[in-house]
Amino acid sequence: MKITILTLFPKVFKGFFSTSIPSRAIDKKLISVKYLDFRKFAEDKHHKCDDEPYGGGAGLILKPEPLFKALHSIKAENKRVIYPTPSGKLFTEDKAYELSKENELIFIAGHYEGMDQRVIDTFVTDELSIGDYVLSSGETATLVMIDAIYRLIEGVITPESLDEESFVNGLLEYPLYTRPYEYEGQKVPDILLSGDHAKIKEWRNTKRLEKTRANRIDLYRKFKKSKLSVKG
Ligand code: SAM
């Protein structure tokens, strides 16, 4: 997957993509990441990318010209262009799966109060929010989305790791344990050491239901209404 990020602050991304799983995905050529600093496309002598809002109000708005020019330069017309914004539709695991099937994604990391609506009307295919809160910039929201998407691309992580994760079948993940067996007086549930895979699966399914009910009653109710079985 080819990922292009339009940003005024490419440095924000570089640490993430140079470590651990993302850097391995790049080495294996499963993803490529390109940064496009759209300030370069601002033609006035100060390379100004923002201006005051028409109609008054607080803050600054990203100007259309540098963004139009940057997007035209990568032929973004008719490509999947994502604008992370709190006023977008909610970004979910299902959306991450859908986007992980694309060959190319373009992200526009917003800043200040947002960007000129004409950029959205001309290029943006998906306005997506990562949650009901307001961040100071689109760089972090872009990273959250890319992180959720690229790990679903075949070959990035082992397929088994994705099988029983949170949101698979609409439920949250069961509790996880590793060695040592006992730590500060707390023992690992004995069922996990029993070697009885059917019983372990049953225990995990019960825990998934309990956890979903306790932490996400909305998901639990949806699951109960659906015809899905906890067994997958
Ligand atoms: N004026 C905007 C509003 O009220 O909807 C908020 C702008 S916010 C201060 C600056 C930038 O951060 C946005 O343009 C967007 O790119 C990003 N951002 C903030 N919160 C976000 C969220 N929940 N999801 C996705 N992007 C977000």
Side-chain angles (χ1 to χ4, degrees), residues 1-37 74 76 79-86 88-111 125-131 133 135-180 183 188 192 200-201 204-205 207-208 211-212 215-216 219 232:
M1 175 188 284
K2 185 175 164 189
I3 300 169
T4 306
I5 306 167
L6 274 75
T7 173
L8 294 173
F9 305 100
K11 265 194 204 165
V12 173
F13 299 93
K14 291 189 175 160
F16 178 80
F17 287 108
S18 63
T19 49
S20 186
I21 308 173
S23 83
R24 285 202 295 276
I26 292 173
D27 290 346
K28 288 202 249 169
K29 302 203 182 326
L30 295 169
I31 58 167
S32 71
V33 184
K34 188 177 141 196
Y35 309 102
L36 193 52
D37 181 349
I74 53 167
K79 288 183 181 166
R80 199 88 189 245
V81 180
I82 297 153
Y83 176 48
T85 167
K89 291 183 183 158
L90 199 61
F91 176 74
T92 60
E93 187 71 4
D94 282 349
K95 193 73 184 174
Y97 263 103
E98 183 203 321
L99 292 170
S100 73
K101 307 288 176 219
E102 295 281 343
N103 290 324
E104 181 169 3
L105 293 177
I106 297 166
F107 289 85
I108 307 175
H111 224 77
T125 54
D126 303 76
E127 286 185 86
L128 297 174
S129 165
I130 60 163
Y133 41 79
L135 306 168
S136 61
S137 78
E139 275 74 19
T140 38
T142 297
L143 257 186
V144 167
M145 289 185 201
I146 293 174
D147 194 2
I149 294 164
Y150 91 94
R151 66 190 292 281
L152 301 173
I153 296 171
E154 211 182 311
V156 173
I157 55 177
T158 49
E160 301 78 50
S161 307
L162 303 175
D163 281 353
E164 292 181 340
E165 276 195 321
S166 291
F167 309 114
V168 170
N169 267 0
L171 293 175
L172 303 180
E173 192 177 56
Y174 46 76
L176 304 168
Y177 294 90
T178 186
R179 279 180 278 270
Y183 190 69
V188 173
L192 297 177
I200 291 172
K201 199 169 171 58
R204 285 179 167 165
N205 285 339
K207 292 291 169 191
R208 289 182 75 195
K211 196 168 183 184
T212 309
N215 290 352
R216 290 291 301 272
L219 292 181

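- When all heavy atoms of Ile108 and Pro84 are compared, the closest pair comes out as O-CD, 3.1 Å.
- Taking CD1 of Ile31 as the reference point, atom CZ of Arg24 lies at 11.5 Å (rounded to 0.5 Å).
- Of the possible donor and acceptor atoms, one in the side chain of Thr212 sits under 3.5 Å from a partner among the backbone N and O of Leu172.
- In this structure, the side chain of Thr4 does not engage the main chain of Lys34 through any donor-acceptor pair within 3.5 Å.
- Remark: side-chain polar atoms of Ser166 are paired, donor with acceptor, to backbone N or O of Glu173 under 3.5 angstrom.
- Between Ala96 and Ala148 the shortest heavy-atom distance is CB-O, 3.9 Å.
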Residues Leu162, Ile157; criterion side-chain contact (heavy atoms from CB on, under 4.5 Å); working and verdict: CA-CA 8 Å; Leu162 303 175; Ile157 55 177; 3.4 Å; yes
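- One finds the CG atom of Leu135 at 5.0 Å from the CD1 atom of Ile130 (value rounded to the nearest 0.5 Å).
- Applying side-chain contact (heavy atoms from CB on, under 4.5 Å) to Leu99 and the options Ile146, Leu152, Asp94, Ile82 leaves one that passes, Ile82.
- A search for salt bridge (charged side-chain N to carboxylate O under 4.0 Å, His left out) contacts involving Lys79 returns Glu104, not counting sequence neighbours.
- Thr142 contributes a side-chain N or O that, together with a main-chain N or O of Gly138, makes up a donor-acceptor pair within less than 3.5 Å.
- Note on Lys11 versus Glu139: no salt bridge recorded, every NZ/NE/NH1/NH2 to OD/OE distance being 4.0 Å or above.
- Of all heavy-atom pairs between Ile26 and Phe17, the closest is CD1-O, 3.7 Å.
- Contact record, Leu219 with Gly170: CB-O, 3.7 Å, taken as the closest heavy-atom pair.
- Remark: Asp126 does not engage Lys89 in a salt bridge, criterion side-chain N to carboxylate O under 4.0 Å.
- Summarising the geometry, atom NZ belonging to Lys101 is positioned 7.5 Å from atom CD belonging to Glu154; distances are rounded to the nearest 0.5 Å.
- Remark: Met1 CE to Tyr150 OH distance equals 12.0 Å, nearest 0.5 Å.
- Here the CZ-OG distance, from Phe13 to Ser18, works out to 13.5 Å after rounding to the nearest 0.5 Å.
- To the nearest 0.5 angstrom, Phe16 atom CZ is 12.5 Å from Thr140 atom OG1.
- The shortest heavy-atom contact between Leu128 and Met145 is O-CE, 3.3 Å.
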